[in-house]
Structure formats: structure tokens, C-alpha cells
Participant: 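Dumping the structure here so I can ask a few things about it.
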Amino acid sequence: MALSSVAALSLALTMAGCATTGSGTTVSDVIDATSSASTAATVAESSAASADTTTASASDISEDTHYDEDDLKWDADSETSVSLADDGTKASGTDADKVSVDEGTVTISGAGTYRLSGSLSDGKIVVAAGEEDVVRIILDNASITNSTGSAIEVDASNETLLYLEKGTSNSVSDASTYADTADGAANAAIYSMADLTIAGEGSLDVKGNYQDGISSKDGLVLASGDVTVSAADDGIKGKDYVALLGGDVNITAEGDGIKSTNDTDADRGWLHQYGGQLSVAADDDGIKAEQLLTLSGGAATVSKSNEGLEAPTINLSGATVNVTATDDGANATAGSTDTSAQGGGGMDAAQDAHLNITGGKVTVTAEGDGLDSNGDISITGGTTVVNGPTNGGNGALDSNGDITVDGGVLIAAGSDGMAEGLSDTSKQSGVQASLGTTVDAGTAIHIVDSSGEVVASFVASKATANVVYSSSVIVDGETYSIYTGGTADVDAGLGAGSIADATEVATATAGEFQSGMGGGMGSQGGGPGGQ
């Protein structure tokens, strides 16, 4: 089972120096390929890719999922019309005999295409079909509210599709307390024991008043549609996988925002955004996967979270990503370490965890570590801007393994106490400087070469005491000056500026970096290739 987009997987395999085979590619293959990457896409290429928020098709999915283009094709003449009403729901059409009504509960017992319209003020839709049955439910200005449990509950089918009719507004809302609270019982406004797909060009408003908003105990594909979820716990969950292909998905959750939860099956537990726009505001983690998280297209914004992105392996390969977190912005972790935690700077044993940025545009604002990996951090393309912590116990960059930059542009700013630079295995050089004092948010910071030319200008969104900058224009071994003040014209904090009326606050030699313990420069790496 392949676990990367076609383009990202091709790049990963090229970087690893291997070829695809007919047997497909496993999670381990992708992790191994991307963690050993050394060849990067250009910043221009990644910027172009990051602007794409169009809808991906089923043929673009390289992972093994239940979804294909035929799911969105059916004969309109074969539809079954279901008119929802508190005083008696009525069904007519091809498969009307497969629809039964018991007070407010409407049960669909077989394969077919069912068009639902009208409303239930206290009822639910139940799918109890055969294990090989594909059930399509067209929501056509449908509103379903339940006072005792889920609003839509899929107990059995091969696959259930919720299709949002173009131009319609649909809503589902579950109970704040459930009649059935046994282990394994439904706990979401939309709950499915089978593969679930949401598609169409209409809108769907989901209120998960009990726990979760949308939950599939199998796979989940968000193909298109305008979907808004608010949840008392997790917003959207797919156990085996979550694939986001397009549409506009907005999540507000008191738990995690969107995640996949399978931590046992080798090629499951992944979440991949191919396209569309994803917006998350969560009280816990924003976007999370138990095994592999890939953002390869579209735009993902986490406006509120504890940890913004979390998975053992995180691949950012072309999406526009903007993360705000009260703890770590992006956290690659495979579990707890077996040595005593002593803070950042690689004091713990490195795990099999990987944070890989190969393209796109990534902006992180974090109170904890900005980019954090219990294994390695690898940047080979794109533009990455990190507004890191203001407290000395965290760093803009934090890794228990290597931090390598072999392409693209990186600016990481934050506190000085645990500031960490690049490893000596980096092929692209960079500059790290302690500013000597904390610079207020909104102050322009400039990297200036020995001829007086401004290499880059940065405007931090938070107070800053230490900066790391790497790009292809930095020459290893050369001396650079750091200025504060002046003016800057920036996009997501990074751009060009002028040092007129600015003050020189530090000098730094390219290729000399801090170790992550607030110590002297050059203690971690001696420049590209260890020179």
C-alpha cells in the first residue's frame, strides 16, 4: 500500500535512489525514503505547488482506500426518495422497500441510492445493510437532530457515501447525553462502522454535542463539499485512514481536531491531505496521525491547538501550512524515550521519528518547540518560517537526531536558552546568532553579508532572542552581520528589507551553530558536510 501522493512518492524514491515495484510501497518504505532524502525541489516549484487548493481525484490517491470515481456515479432514475418528517417519514422509488420507519428512526437495510430531504427534530438515520452493499445517501436540504444518540449511524455496509447536493444546506446534531454508553457504542453525530465518504458540492453542518463530530471505525474520505464540524471532543476521526481531497473543512473541537487512530496495523493509521482547505481550532492536537501524516496539497490552517501537527512521521511536501500551538508546532514522536528527559538539544535517545519538509510553504507559531522531532528533522525544499518560544526551556528547532537543511529556505526564531542549529551533515549552510537581548515582536531582523547586502529580512510575530537562517545564498565560512530595526516587506514574516536606521547587534560565521543547551556557537555542527 503506497502511503504518499504520486508526486511526493516519486520524489521520495528518487531521493532514496530506488525504484517502485508492482508490489507497492509501505509506510516503512516512505519513511525510509524521505528520511534519507538529499535532493530538493526548488523554492519556486514548491511555492507554485502550495498555491493549489483544487480538488484531487480518486486517481490521485496512491494509498489503498475504499474510494473510486464510480462512487459518484449513479442513475438518477434509480434513486429512492425519502421525505423526512416528524409526523411520518415516507419513502418512494426503486428501493423504497429497503426503508423502514419506526417513529423517528429511519432504517436503510440494503444497497441503493437514497435522496433525503426534510427534517427530523428528534430522530436518526440508521444504515443496516449487507457487508457487500454500497449505500449512497444524498442529503438534499436535510436536517436531522437526535435527543438520545447519533443523528446518522452506519451499523453495517461495505461503504456508505454521504453526498451533499449542490446548492443545499444540510445539518446533523446529536444528543448531549446518549442512552447507550456501552464500550464500542456510537459516540458521534455521524458514526460509521464501515468505510465512509463525504462528497458533493453542498454544505453540511455537524454538531457533535456528546463527543465526536464525524467518526469512522474504518476508512474516511473527504472528497469535496463545505463541511463544518463542532465537537465536544474530537472533530473528525477515521480509524484506518483519513484522506482529504478537496472542499472546505472547518473544525472546532474541544479535543483533537482531525486524526486517524489505528496504531496497530502496519499500513494504516495515516492521514493525507491532497487538496482542499482545512481549518482547525482545537483544544488538544490539531492534525494528528498514529503512523503517518502527509500534507501534500491544498491549505491547512491550525489556528488553535496544544500541538499543531503530530505523528511518528510527518511529511510536508507541497501544501500551504499555517500552525499555531500552545506547545509544539509540529511534533514527530514515536512514543516516550527510554532515557531521562533533559530538555531539547538531543539529550534523549533518537527515536524512529521523522519530520520531513520537501516543499510547500510552512509557517509555525509555537509556545513550545517550533519544529520538534524525537528523531530527525530534514528540510530539502519549500519555505519554512518558525516563530518559536519565548521561554528558555524550549527552542524554535528541537531534535533528538540530526537537523539537516539540504535545500529550500528556513528561518527559525525564538528564545536563546535551548536554541539549536543545524547538524554538520547539512549540505546547505546557514547562520545562527544570539541577538544579545530579546527583540520585541514586530521588529525587523536582517541577515547582511560582508559586502553590506541584505540577504534576508524577517519580522517575528513574537519576542525573539535567537535566529537560524539557511538558504542557498549563504556561503559556508563567511561572516554575516545581524541587524535589528529598519524596514521590511515580508510574506509570512520573511522577505526583503532595508537596514537604514537599523542597529547591528551580532555577527555570525556561516556553518557554526549552537548545541541546543544555550552554549557557545559551533558546538553542534561545523558547516555543510562537517567542514
Side-chain angles (χ1 to χ4, degrees), residues 345 363-365 370-371 379 383-390 392 394-397 403 405 408-423 426 428-528:
T363 305
V364 171
T365 302
L371 302 182
I379 299 174
T383 300
T384 303
V385 176
V386 180
N387 296 280
T390 56
N394 293 289
L397 305 175
I403 301 175
V405 179
V409 177
L410 167 69
I411 180 76
S415 58
D416 205 29
M418 300 297 291
E420 190 170 350
L422 310 185
S423 301
S426 287
Q428 179 171 288
S429 192
V431 173
Q432 182 176 21
S434 175
L435 304 181
T437 185
T438 299
V439 176
D440 291 338
T443 303
I445 301 171
H446 311 275
I447 313 295
V448 181
D449 66 18
S450 57
S451 69
E453 292 293 322
V454 176
V455 173
S457 296
F458 173 66
V459 178
S461 65
K462 301 167 66 178
T464 300
N466 191 286
V467 294
V468 176
Y469 177 77
S470 178
S471 76
S472 60
V473 302
I474 297 296
V475 179
D476 194 54
E478 292 291 316
T479 299
Y480 292 82
S481 298
I482 315 300
Y483 284 76
T484 61
T487 59
D489 182 11
V490 299
D491 177 19
L494 186 62
S498 168
I499 57 174
D501 299 323
T503 302
E504 183 178 354
V505 296
T507 60
T509 301
E512 296 185 358
F513 302 102
Q514 291 178 216
S515 66
M517 290 300 294
M521 302 297 283
S523 56
Q524 177 172 342

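One is the number of the first residue; the rest follow in order along the sequence. Every heavy atom of this structure was used, including side-chain atoms; hydrogens, water molecules and symmetry mates were not.
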Participant: If you round to the nearest 0.5 Å, how far is CD1 of I379 from OG of S426?
Facilitator: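 Interatomic distance, S426 OG to I379 CD1, rounded to 0.5 Å: 8.5 Å.
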Participant: So, using side chain to side chain contact (heavy atoms under 4.5 Å, CB included) as the criterion, who are the partners of T390 when residues are at least two apart?
Facilitator: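 E367, K462, A463.
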Participant: Would you mind listing every salt bridge (Lys or Arg N to Asp or Glu O under 4.0 Å) that reaches into residues 437-457, with sequence neighbours excluded?
Facilitator: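 Matches after skipping sequence neighbours: none remain.
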Participant: Could you state the interatomic distance from OH (Y469) to CG (L494), rounded to the nearest 0.5 Å?
Facilitator: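 Rounded to the nearest 0.5 Å, the OH-CG separation comes out at 6.0 Å.
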Participant: Using 0.5 Å steps for rounding, measure from the CD1 atom of I474 to the CD atom of Q428.
Facilitator: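 If I round to the nearest 0.5 Å, the distance is 8.5 Å.
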Participant: For a quick test of reading the model, state the closest non-hydrogen atom pair linking G495 to V490 and the distance between them.
Facilitator: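 Looking at all heavy atoms of both residues, the shortest contact is N-CG1, 3.6 Å.
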Participant: Measure across A492 and T363 and return the closest heavy-atom pair with its distance rounded to 0.1 Å.
Facilitator: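 Of all heavy-atom pairs spanning A492 and T363, the closest is CB-OG1, 3.6 Å.
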Participant: To the nearest 0.5 angstrom, please state how far the CD1 atom of I403 sits from the OG atom of S470.
Facilitator: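 Separation between the atoms: 11.5 Å.
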Participant: Measure across Y483 and E504 and return the closest heavy-atom pair with its distance rounded to 0.1 Å.
Facilitator: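 Closest approach of Y483 to E504, heavy atoms only: CD2-N, 3.4 Å.
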Participant: Hey, what do you get for OG1 (T464) to CD1 (I445), rounding to the nearest 0.5 Å?
Facilitator: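 If we round to the nearest 0.5 Å, T464:OG1 and I445:CD1 are 4.5 Å apart.
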Participant: Dump the intermediate steps for side-chain contact (heavy atoms from CB on, under 4.5 Å) on I447 and I482, then the final yes or no.
Facilitator: CA-CA 5 Å; I447 313 295; I482 315 300; 3.5 Å; yes
Participant: Can you name the residues that form a side-chain hydrogen bond (donor to acceptor under 3.5 Å, both in side chains) with S415, not counting sequence neighbours?
Facilitator: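 By the side-chain hydrogen bond (donor to acceptor under 3.5 Å, both in side chains) rule, S415 matches no residue at all.
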Participant: Strictly by salt bridge (Lys or Arg N to Asp or Glu O under 4.0 Å), give each pair with a member in residues 479-496 just once, sequence neighbours left out.
Facilitator: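 Qualifying pairs, neighbours excluded: K361-D491.
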Participant: Check side chain to side chain contact (heavy atoms under 4.5 Å, CB included) between T479 and all other residues, then give those that pass, not counting sequence neighbours.
Facilitator: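 Residues passing side chain to side chain contact (heavy atoms under 4.5 Å, CB included) with T479: T507, T509.
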Participant: Among all residues two or more places apart in sequence or in another chain, which pass the side-chain hydrogen bond (donor to acceptor under 3.5 Å, both in side chains) test with S461?
Facilitator: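 S461 satisfies side-chain hydrogen bond (donor to acceptor under 3.5 Å, both in side chains) with N387 only.
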Participant: Give the C-alpha distance, both sets of side-chain angles, the deciding distance and a yes or no for side-chain contact (heavy atoms from CB on, under 4.5 Å) between V431 and V455.
Facilitator: CA-CA 11 Å; V431 173; V455 173; over 6 Å; no
Participant: With S457, which residues qualify under side chain to side chain contact (heavy atoms under 4.5 Å, CB included), at least two apart?
Facilitator: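 Residues passing side chain to side chain contact (heavy atoms under 4.5 Å, CB included) with S457: H446, V454, A488.
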Participant: For the CG atom of D416 and the OG1 atom of T437, what is their distance to the nearest 0.5 Å?
Facilitator: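 The OG1 atom of T437 is 10.0 Å from CG of D416, to the nearest 0.5 Å.
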Participant: side-chain hydrogen bond (donor to acceptor under 3.5 Å, both in side chains) with Y480: which residues, sequence neighbours excluded?
Facilitator: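 None.
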Participant: Is any side-chain heavy atom of L371 closer than 4.5 Å to one of T384?
Facilitator: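 Counting from C-beta outward, T384 and L371 do come under 4.5 Å.
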Participant: For T503, which residues count as a side-chain hydrogen bond (donor to acceptor under 3.5 Å, both in side chains) partner, sequence neighbours excluded?
Facilitator: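 In terms of side-chain hydrogen bond (donor to acceptor under 3.5 Å, both in side chains), with neighbours along the sequence ignored, T503 is linked to no residue.
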Participant: Return the minimal non-hydrogen interatomic distance between S471 and V409, and the atom names on each side.
Facilitator: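 Closest heavy-atom pair between S471 and V409: CB-CG2, 4.1 Å.
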Participant: Considering non-hydrogen atoms only, spot the tightest contact between Q432 and E512 and give its length.
Facilitator: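 Answer, listing the atom of Q432 first, then E512: CB-O, 4.2 Å.
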Participant: List the residues meeting side chain to side chain contact (heavy atoms under 4.5 Å, CB included) with A412, not counting sequence neighbours, and say none if there are none.
Facilitator: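 In terms of side chain to side chain contact (heavy atoms under 4.5 Å, CB included), with neighbours along the sequence ignored, A412 is linked to V386, A396, L397, L410, V468.
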Participant: What closest approach, in Å, do F458 and A413 show between heavy atoms, and which atom pair accounts for it?
Facilitator: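 Nearest pair, atom of F458 first, then A413: CE2-CB, 3.5 Å.
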